[in-house]
Amino acid sequence: MKEIICARCGNTLEKGTAVCPFCGNDLEENTALDPELTAALAAFEEKNRNEAQRALARHQAPATPKPAQAGREIQTPRPDGAQPKKARTRQPERQCPTCGRTLPKGLKTCPFCRPEQAEQPKVETAPVKKSRLPKILGAAALAVLVLGGVWLAVRNRTPEPTEPTALQRDTSETPTQTMSPPETTEPPTQTTEPGLSAEEAQTLAAQTYNCQAELREQTEAGYTFACLRGSIELGTVLVDRDGGVRVLDGMEQSPGGALDAAHVESLLRGHSTAAAYSWCLVDTATGESFGSENRDTGLSASALVDLPILYAVAKKVEAGELSMDSPITVSTTSNGRGSLAGYYGAQFTLAEMLDFVLARSSNDASNSLMDHIGIDAINSLCHEAGFESVRLTNHIGSTVENTDSDNYISAHDAAAIVDALYRADGAIDGAYLTEHMRIADGDRNANRGLGRRIGEAMIGNHNGSTAYKYNEVILARAGGRTYALCFMANGADATWLQSAAAEIGEYCQSVMEQ
């Protein structure tokens with residue numbers, strides 16, 4: 001029976017087989033070896049198998065070479081007397097690095113496996129003594145024939161993945177040795193002055209006492225600052241490196257430190273559980289401030305926007321750019337609170353316009369002053385003084401609450417502006433606020449909040465409200481000192497918020513009386 005060999009898997013098949021049952025190779029598309037090449041390849045493989053078996057037998061029971069023959073070349077005398085040819089030393093035969101079969105002389109690739117594998121470099125191994133195999137005569141021609149046939153048969157085969165040899169493996173897989181960093185002779189940098197820096201301590205002193213802090217001395221204990229209000233020195237404070245602040249001389253400790261923020265919140269929650277709020281008290285004797293944790297957060301200002309306007313006017317008068325007799329044109333008539341309807345384009349003195357703002361809560365007067373000075377100039381003057389929460393964007397009555405178009409101020413900055421003006425030495429000072437910052441008798445917007453329960457102790461107030469918002473700032477006296485108190489809340493009925501403000505004002509007054 002004639003047989004053929006599948007060129008893909010190497011199995012012997014019956015001639016005429018169309019598809020190899022072992023690998024599915026299509027034998028009709030000239031992918032099987034022809035009979036003559038098959039026979040030659042089989043004979044070559046059989047011969048190599050016999051040679052390998054004989055070599056293995058000799059290796060297992062090697063014969064001891066004769067001493068006379070060891071290391072000598074054998075020469076055979078010729079009968080014609082000619083010089084015998086020198087016998088050629090047998091060359092070691094190459095083996096396929098993949099399948100191990102002996103390769104005929106002159107072949108670079110193995111005909112029994114893929115040519116790609118035959119070209120792979122050998123892995124260096126320790127030398128093993130091998131027996132010399134007999135010389136294969138006439139194998140070169142047959143090998144060329146076999147090589148050509150196998151190459152044609154397998155050139156289109158897809159190589160199967162093989163495990164890479166040691167030389168082929170990526171050397172980057174070698175684990176990296178962890179090394180300790182080199183020792184250095186330079187000592188690590190040490191902080192010579194742990195805790196607050198001089199700049200941080202200065203900011204803390206200025207915020208705590210609402211003043212300008214001037215560094216006088218730096219010691220191991222901390223930093224000593226002089227607290228100034230303009231040209232007036234209030235006293236000296238020490239800020240330690242851990243953030244503690246205490247008065248050294250000139251300023252008494254404020255009783256405001258006894259205020260219980262949790263109790264203030266409970267008073268508010270007794271009237272509304274939904275309102276967002278903020279409050280702050282500033283002692284004008286020391287400049288210290290006390291209040292809720294969010295006292296520096298800007299909230300919707302409503303009519304408290306009048307405080308930044310009033311501060312900007314005071315700075316312009318101080319600089320000589322305005323006087324209390326300067327003419328101010330009515331530029332808006334909104335028909336709102338304290339309306340100047342019918343006076344559009346008319347002029348009033350600055351003193352008269354401020355009276356409209358403070359005693360009659362006129363939005364038209366506030367907006368006209370805003371136009372006269374400029375919104376950007378008001379913001380800038382306040383920011384330069386440290387009132388960072390102030391942000392004016394629009395006229396009163398033209399804003400959308402709690403949006404980017406709204407006007408904002410914090411409870412701290414509202415109280416601090418009143419404190420700064422109260423301590424000023426100019427046209428707008430403590431005496432001016434006491435006389436003018438009060439809603440006129442009989443006005444429907446007379447105080448109904450912070451000062452309602454403290455009577456004559458309140459010497460000045462200004463408020464602003466909508467249906468669901470109530471903001472107010474007051475000046476009050478207690479225990480021989482004056483303080484500024486601001487309360488801001490929104491998100492609940494204004495009537496409830498006013499009642500809460502009255503109780504909060506009474507509580508703060510009782511603490512400041514101590």
Side-chain angles (χ1 to χ4, degrees), residues 259-282 290-292 294-295 297-307 336-338 357-363 366 396-397 399 401-402 406-415 418 433 437-478 483-512:
L259 287 169
D260 185 353
H263 180 66
V264 173
E265 181 175 3
S266 69
L267 295 175
L268 171 69
R269 297 309 177 200
H271 297 273
S272 170
T273 59
Y277 76 100
S278 179
W279 66 279
C280 182
L281 181 148
V282 175
F290 313 92
S292 57
N294 67 337
R295 75 188 77 169
T297 302
L299 298 180
S300 181
S302 64
L304 290 193
V305 73
D306 293 339
L307 299 177
R337 186 174 175 181
V357 172
L358 298 174
R360 306 178 189 282
S361 196
S362 170
N363 292 340
S366 299
I396 300 175
T399 63
E401 290 188 3
N402 302 312
D406 203 358
N407 297 320
Y408 291 90
I409 192 172
S410 68
H412 174 267
D413 283 347
V418 172
L433 294 181
M437 198 176 80
R438 303 190 70 168
I439 300 298
D441 292 341
D443 190 285
R444 63 185 177 87
N445 292 297
N447 173 63
R448 297 189 298 271
L450 290 175
R452 187 198 313 176
R453 294 188 180 184
I454 63 177
E456 294 301 318
M458 185 189 72
I459 61 175
N461 87 303
H462 196 73
N463 64 6
S465 65
T466 63
Y468 295 96
K469 176 170 60 178
Y470 186 74
N471 298 337
E472 184 179 7
V473 64
I474 68 170
L475 269 170
R477 291 196 175 103
Y483 65 90
L485 174 64
C486 179
F487 170 79
M488 304 179 70
N490 61 69
D493 188 283
T495 303
W496 300 346
L497 298 178
Q498 290 165 4
S499 297
E503 295 179 11
I504 291 170
E506 184 179 28
Y507 167 70
C508 290
Q509 175 72 9
S510 66
V511 172
M512 296 302 291

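Quick caveat: nothing in here was measured; it's all calculated off a predicted structure.
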List the steps and the verdict of side-chain contact (heavy atoms from CB on, under 4.5 Å) for Leu299 and Asn402.
CA-CA 8 Å; Leu299 298 180; Asn402 302 312; over 6 Å; no
Nearest 0.5 Å please: distance from the CG atom of Leu268 over to the CD atom of Glu503.
10.0 Å
Is there a donor-acceptor contact under 3.5 Å from the side chain of Glu472 to the main chain of Leu450?
yes
If you take all heavy atoms of Ala501 and Phe487, which pair is closest and at what distance?
CB-CD2, 3.7 Å
Can you check whether Arg477's main-chain N or O pairs, donor with acceptor, with Gln509's side chain at less than 3.5 Å?
yes
What one should report as the nearest heavy-atom pair of Ile459 and Arg438 is O-CD, 3.7 Å
I'd like to know whether Val305 forms a side-chain contact (heavy atoms from CB on, under 4.5 Å) with Ile409, so could you lay out the CA-CA distance, the side-chain angles of the two residues, the decisive distance to 0.1 Å, and finally the verdict.
CA-CA 7 Å; Val305 73; Ile409 192 172; over 6 Å; no
With a 4.5 Å cut-off on side-chain heavy atoms, are Gln498 and Asn463 touching?
no
Sort out for me which residue in Val511, Leu485, Leu259, Val282 forms a side-chain contact (heavy atoms from CB on, under 4.5 Å) with Phe290.
Leu259
Please round to the nearest 0.5 Å and tell me the distance separating atom CG of Asn461 and atom SG of Cys486.
11.5 Å
Can you name the nearest heavy-atom pair linking Ser302 to Ser465, along with the distance?
OG-N, 4.4 Å
Would Glu401 and Asn490 count as a side-chain contact (heavy atoms from CB on, under 4.5 Å) if you check the C-alpha gap in whole Å, the side-chain angles of each, and the deciding distance to 0.1 Å?
CA-CA 10 Å; Glu401 290 188 3; Asn490 61 69; 5.8 Å; no
Could you state the interatomic distance from CZ (Arg295) to SG (Cys280), rounded to the nearest 0.5 Å?
5.5 Å
Within the 4.5 Å heavy-atom criterion, are Ile396 and Asp306 side-chain neighbours or not?
yes
State whether the number of non-hydrogen atoms from other residues, nucleotides or ligands found under 6.0 Å of Tyr468 atom OH is greater than 12.
no
Value rounded to 0.5 Å, distance of NE2 in His462 from CG in Asn471:
10.5 Å
Sequence-distant partners of Ser499, side chain to side chain contact (heavy atoms under 4.5 Å, CB included), two or more places apart
His271, Arg452
How far apart are the C-alpha atoms of Asn407 and Thr399, what are their side-chain angles, what is the distance that settles it, and do they pass the side chain to side chain donor-acceptor pair (under 3.5 Å) test?
CA-CA 7 Å; Asn407 297 320; Thr399 63; 5.1 Å; no
So how far is it from Tyr470 OH to Ser272 OG, rounded to the nearest 0.5 Å?
15.5 Å
Just by distance, no angles: are the side chains of Ser300 and Asp406 close enough, under 3.5 Å, to form a donor-acceptor pair?
yes
If every non-hydrogen atom of Tyr277 is compared with every non-hydrogen atom of Ser292, which pair is closest and at what distance?
CE1-CB, 4.4 Å
Could you tell me whether the side chain of Ser278 and the main chain of Asn294 form a donor-acceptor pair under 3.5 Å?
yes
Closest heavy-atom pair and its distance - Ala411, Met488
N-SD, 3.7 Å
Search all heavy atoms of Ala478 against all heavy atoms of Tyr483 and return the closest pair with its distance.
CB-CE2, 3.9 Å
Calculate, to the nearest 0.5 Å, the distance between atoms CG and CE belonging to Leu358 and Met437 respectively.
7.5 Å
